[in-house]
Amino acid sequence: MEDLRFSVDRALCLGCGSCVRDCPLHVLRLDTVPVVQDGHRCIACQHCLAICPDGALSIFDKVPQNSEKLGKSFPSAKSMECLIKGRRSVRSYLPDNVPRSLIKSLLQGIDYAPTAENRRELVFSLIADRERQRSFLARLMKTFAAFLETSQLPENLRFMGRFLELYRRQGVDILFRGAPHLIIASAPENALAPKTDCVIALSYFELLAPTLGLGSVWCELGRVMIEKILPELKKDLGIPPGYAVNGIIAFGYPAVAYCRTVQREKSQVVIYPAAAPGTSREGDPTSG
């Protein structure tokens, strides 16, 4: 990347070199003020813009004053811990559409999720209206029924045939749990970390959702249905050729309210270098 549109306000720059030291790929060097030395290496991470204490630096024509100042604006560790512990996979939703303005606020989370090499090649397909969601589900089930008439599911997916029966007989939506909205994350199949990039972005999305009064649930079975069984539906979802669906989240206003966190067992953590099985290590930070 060569055209960085990089500039420094010399009246503001103190020449501290923070931007030069923090640049992941050594794009900058300090010459009284920072200058570009290897622009082709830049991955557009904007670390230089973010770290400048005086707002003296601009890259890609970004105006520093348009960025939010951080200071002490992060939530407390206790608040963040409560959010992580308290989020639930919501499987019961009110029929109301979420206002577009609220969805727009929610989507900001995915804009700031990291991707491998900062490629930012993900595509997010959004169903932002309950009636369109119902229409999409009906089409998906109709296409699935046609598939089952001519093909057989792999043995490990044959249980999914039951979903069609439940939908036809009782109107039960196992895939998306009756949520009015979907967000579907896809990435180029040849990307460095396509699954990881999509999962991180959707994790940002689902953690922001409860702060806006919304619930969400991961829809892995829906992902398998679209990606593995009915890939012809990807075109209508705006998913480009060569892209794979790597995650789906259904969301909306929850019809349930949870009153407390659950209580999980501790995860298995191995401290490097790993101790032999059955032995303990003095000073293990996860013990006690």
Spell out, as yes or no, whether a donor-acceptor pair under 3.5 Å connects the side chain of Ser79 to the backbone of Pro75.
no
Any non-hydrogen side-chain atom of Ile249 less than 4.5 Å from a side-chain atom of Val217?
no
Could you check whether any side-chain heavy atom of Leu57 comes within less than 4.5 Å of a side-chain heavy atom of Leu12, counting everything from C-beta outward?
no
Which heavy atom of Cys23 sits nearest to which heavy atom of Leu28, and what is that distance?
SG-N, 4.3 Å
Minimum heavy-atom separation for Ser89 to Tyr258, with atom names?
O-OH, 4.2 Å
Between Glu220 and Arg223, does at least one N-O distance fall below 4.0 Å, as a salt bridge requires?
yes
Got a donor-acceptor contact below 3.5 angstrom from the Arg120 side chain to the Asp111 backbone?
yes
Heavy-atom check, side chain of Val27 versus side chain of Gln37, under 4.5 Å
no
Whether the side chain of Lys85 engages the backbone of Arg260 through a donor-acceptor N/O pair (distance < 3.5 Å, no angle test) should be reported.
no
Same cluster (ILVMFWY, side-chain, under 4.5 Å), Ile226 and Met160
yes
Provide the closest heavy-atom pair for Val20 versus Pro34 in the form atom of the first, atom of the second, distance.
CG2-CB, 4.1 Å
When every non-hydrogen atom of Gly15 is compared with those of Leu30, the smallest separation belongs to O-CD2, 3.7 Å
Here the gap from Ser151 atom OG to Phe144 atom CZ, rounded to the nearest 0.5 Å, amounts to 10.5 Å
Is Leu122 linked to Ile110 within one hydrophobic cluster, defined over Ile, Leu, Val, Met, Phe, Trp and Tyr using a side-chain heavy-atom separation of less than 4.5 Å?
yes
Salt bridge Asp197-Lys195, side-chain N to carboxylate O under 4.0 Å:
no
Can you tell me how far apart CZ (Arg87) and CD (Glu206) are? Round to the nearest 0.5 Å.
4.0 Å
Is there a side-chain contact between Leu94 and Pro254, using heavy atoms and a 4.5 Å cut-off?
no
Residues clustering with Ile84 (ILVMFWY side chains joined when closer than 4.5 Å, directly or via others)
Met80, Leu83, Leu207
Give a yes or no on whether Arg158 atom CZ has more than 12 heavy-atom contacts from other residues, nucleotides or ligands under 6.0 Å away.
yes
Spatial distance of atom NZ (Lys62) from atom CZ (Arg5) [nearest 0.5 Å]:
8.0 Å
Between Tyr93 and Phe251, is the gap from one ring center to the other below 6.0 Å?
no
Side chain to side chain contact (heavy atoms under 4.5 Å, CB included) partner of Glu232, chosen from Asp236, Leu230, Ile229
Leu230
Check: Asp129 and Phe136 side chains under 4.5 Å, non-hydrogen atoms:
no
Measure across Gly238 and Val123 and return the closest heavy-atom pair with its distance rounded to 0.1 Å.
O-CG1, 4.0 Å
Atom CD of Gln46 and atom OG of Ser58: how far apart are they, to the nearest 0.5 Å?
9.0 Å
Check for a donor-acceptor pair, side chain of Ser18 on one end and backbone N or O of Ile51 on the other, with a separation under 3.5 Å.
no
Out of the candidates Asp173, Ile127, Leu182, only one should pair with Leu137 under the side chain to side chain contact (heavy atoms under 4.5 Å, CB included) rule; please name it.
Asp173
CD of Glu165 to CD1 of Ile174, rounded to nearest 0.5 Å, is 11.5 Å
Hey, does the side chain of Asp38 reach the backbone of His40 with a donor-acceptor pair shorter than 3.5 angstrom?
no
When rounded to the nearest 0.5 angstrom, what distance separates CD1 in Ile184 from SG in Cys219?
9.0 Å
Ser203 and Trp218, any side-chain heavy atoms less than 4.5 Å apart
yes
Is the ring pair Phe163/Phe159 parallel, tilted or perpendicular, if the boundaries are 30 and 60 degrees?
perpendicular
Does Val98 belong to the same Ile/Leu/Val/Met/Phe/Trp/Tyr cluster as Phe205, with side-chain heavy atoms less than 4.5 Å apart forming each link?
yes
Would you say the side-chain atoms of Thr196 pair up with the backbone N or O of Ala193, donor to acceptor, closer than 3.5 Å?
no
Heavy-atom nearest pair, Ala191 first then Arg119, reads CA-NH1, 4.0 Å
Side chain to side chain, Pro95 and Arg130, heavy atoms closer than 4.5 Å
yes
Answer whether the closest heavy-atom distance between the side chains of Tyr253 and Leu102 falls below 4.5 Å.
yes
Do Leu233 and Met225 land in one hydrophobic cluster if side-chain heavy atoms of ILVMFWY residues count as linked below 4.5 Å?
yes
